[in-house]
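Letters go in sequence order (proteins before strands), and every chain restarts at 1. Computed over heavy atoms, backbone and side chain alike; hydrogens, waters and symmetry mates excluded. Values in this document were obtained by computation on a predicted structure and should not be read as measured data.
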Amino acid sequence: MSLSEFDRRVLEKVAQIPRGKVAAYGEVARAIGKKKAARAVGNALAKNPYPIIIPCHRVVKANLSLGEYSGGADKKKKLLEKEGVIFIGKTVRHEHVFKFYRS
DNA sequence: GAATTGACCAGCT
DNA sequence: AAGCTGGCCAATT
């Protein structure tokens with residue numbers, strides 16, 4: 001069981017998300033150079049080869065709604081709230097959205 | 001190797 | 001404002 005280049009990129013970027021912040025699948029995809037690969041990003045995270053170094057729960061949808069999560073969306077919401085992310089209904093405050101650096 | 005699916009996104013009506 | 005359509009990427013059947 002090994003990782004693809006694509007997977008590696010995704011993992012690395014997601015691992016960069018600081019505590020208390022969130023990033024959109026599309027933003028991650030953009031950060032790795034494939035802005036249309038949001039779905040593939042989700043799939044890669046769903047496999048989640050290294051749950052320790054990959055805070056998958058910090059990745060949300062582009063519209064700032066929760067998105068899916070292995071184990072339940074409500075769990076994800078609680079985890080994020082624990083990390084200091086403020087939710088407004090089902091959406092995250094835009095203040096907590098993490099922006100990746102562009103080279 | 002084609003067709004289907006899945007933790008998505010943007011645009012149009 | 002809300003719903004539908006097409007598109008794009010990688011993995012699985």
What distance, rounded to whole Å, do you find between the two P atoms, one in B:dT4 and one in C:dG6? 16 Å
All heavy atoms of A:Ala73 vs all of A:Gly67, minimum pair found to be CB-O, 4.0 Å
Say we look at C:dC8 and B:dG6: how far apart would their C1' atoms be, to the nearest angstrom? 13 Å
Please report the distance, rounded to the nearest Å, between CG in A:Asn43 and P in C:dT12. 9 Å
Taking the side chain of A:Ala62 as heavy atoms from C-beta outward, which of B:dA7, C:dC9, B:dC9 is closest to it? B:dC9
Starting at CD1 of A:Ile32 and ending at P of C:dA10, how long is that distance when rounded to a whole Å? 8 Å
Evaluate the ring planes of A:Phe98 and A:Phe100, with Trp represented by its six-membered ring, and classify them as parallel (under 30°), tilted (30 to 60°) or perpendicular (over 60°). perpendicular
N/O (side chain, A:Lys47) to phosphate O (OP1/OP2, C:dT12) under 4.0 Å: yes
Figure out the CG/P separation between A:Leu64 and B:dC8, and round it to whole Å. 14 Å
What integer number of Å spans the P atoms of B:dA7 and C:dG7? 22 Å
Listed nucleotide nearest any side-chain atom of A:Ala40, set B:dC8, C:dA10, C:dT12: C:dA10
Nearest-angstrom distance from the residue atom CZ of A:Arg30 to C1' of B:dC8: 13 Å
Would a distance-only check, ignoring hydrogens and angles, find a side-chain to backbone donor-acceptor pair under 3.5 Å from A:Lys13 to A:Ile32? no
Test: A:Arg8 and A:Glu5 ion pair at under 4.0 Å: yes
Counting only non-hydrogen atoms, which of residues 4-29 of chain A are less than 4.0 Å from DNA chain C? A:Ser4, A:Phe6, A:Asp7
Got a list of protein N/O to nucleotides 1-4 of chain C N/O distances below 3.5 Å?
none

Rounded distance (Å) that lies between atom C1' of B:dC8 and atom CD of A:Glu68: 11 Å
Take atom CG of A:Leu45 and atom C1' of B:dG6, then tell me their distance rounded to the nearest Å. 12 Å
Taking the side chain of A:Lys61 as heavy atoms from C-beta outward, which of B:dC9, B:dA7, C:dA10 is closest to it? B:dC9
How far apart are the closest heavy atoms of A:His57 and A:Lys76, and which atoms are they? O-CE, 3.5 Å
Ignoring backbone atoms, test whether A:Lys35 places a side-chain nitrogen or oxygen under 4.0 Å from the OP1 or OP2 oxygen of B:dA10. no
